[in-house]
Amino acid sequence: MWRVNEGSIHRFCTAATGYTSLFNLLNFPAGVVPVTTVTEEDDRLLDDWRGYGNDAFDRSMKETTKGAVGLPVAVQCVALPWQEEKCLRLMKEVETLCPM
């Protein structure tokens, strides 16, 4: 069962939404497409993962995603303002290439 440490999930969500909120602010069309799920192998590999800078964000991400087997992994697709059709087309291509 996936369990969450409330303090670490708050820090992770705050850091992770930092770049996604910019798309909303600038009115960029965006969507999320699930492409796979977290596997037991992914969870095992996380034990040795140190991140890219081994900073607070990396440690928080590791702590909050440990034990997430079975949860979806998704790709966020973003296009320029007024290009909703391109964003939807990209999402459809991703969905076609990575059927769940």
Side-chain angles (χ1 to χ4, degrees):
M1 186 68 178
W2 190 55
R3 56 193 181 285
V4 174
N5 175 322
E6 284 190 32
S8 61
I9 193 69
H10 176 70
R11 287 189 307 274
F12 177 71
C13 286
T14 301
T17 58
Y19 75 94
T20 60
S21 60
L22 184 61
F23 300 136
N24 287 330
L25 179 67
L26 298 176
N27 199 28
F28 281 41
V32 177
V33 183
V35 294
T36 188
T37 57
V38 177
T39 64
E40 292 282 347
E41 166 96 13
D42 297 330
D43 204 45
R44 276 192 301 278
L45 290 172
L46 190 59
D47 291 335
D48 298 325
W49 189 78
R50 298 287 176 248
Y52 298 103
N54 199 23
D55 57 9
F57 179 79
D58 289 335
R59 289 188 301 275
S60 181
M61 200 256 336
K62 182 177 178 177
E63 184 179 326
T64 57
T65 55
K66 185 68 181 160
V69 175
L71 292 177
V73 176
V75 172
Q76 183 175 22
C77 302
V78 181
L80 294 172
W82 309 106
Q83 301 291 319
E84 286 83 358
E85 296 85 3
K86 289 182 181 179
C87 185
L88 290 170
R89 173 60 192 238
L90 175 60
M91 291 172 66
K92 181 64 176 171
E93 290 295 324
V94 171
E95 186 177 58
T96 302
L97 292 171
C98 305
M100 284 228 8

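If you chain together hydrophobic residues whose side chains sit under 4.5 Å apart, L80 and L25 fall into the same group. Linking Ile, Leu, Val, Met, Phe, Trp and Tyr whenever their side-chain heavy atoms come within less than 4.5 Å puts L22 and V78 in one cluster. In the hydrophobic clustering of this structure, L46 groups with Y52; members are Ile, Leu, Val, Met, Phe, Trp, Tyr whose side-chain heavy atoms approach within less than 4.5 Å, directly or through other members.
Listed here is the closest heavy atom pair of D42 and T37: OD2-O, 3.9 Å. The two residues C87 and P29 come nearest to each other via the heavy atoms SG-O, 3.7 Å. Between L26 and P81, the shortest heavy-atom contact is O-CG, 3.8 Å. D43 and K66 make their closest contact through O-NZ, 3.0 Å (heavy atoms, listed as atom of the first residue, atom of the second, distance).
Between R89 and E93 there is a salt bridge, with a side-chain nitrogen of the basic residue lying less than 4.0 Å from a carboxylate oxygen of the acidic one.
With hydrogens and angles left out, the side-chain atoms of N24 and S21 include no donor and acceptor closer than 3.5 Å.
Between V75 and M91 there is no side-chain heavy-atom pair separated by less than 4.5 Å. Counting only heavy atoms from C-beta outward, the side chains of V35 and M100 never approach each other to under 4.5 Å.
The NZ atom of K92 sits 12.5 Å away from the CG atom of L90 when rounded to the nearest 0.5 Å. In this structure, the separation between OG1 on T39 and CZ on R44 is 7.5 Å, given to the nearest 0.5 Å.
Checking side-chain atoms of K62 against main-chain N and O of W49 turns up a donor-acceptor pair under 3.5 Å.
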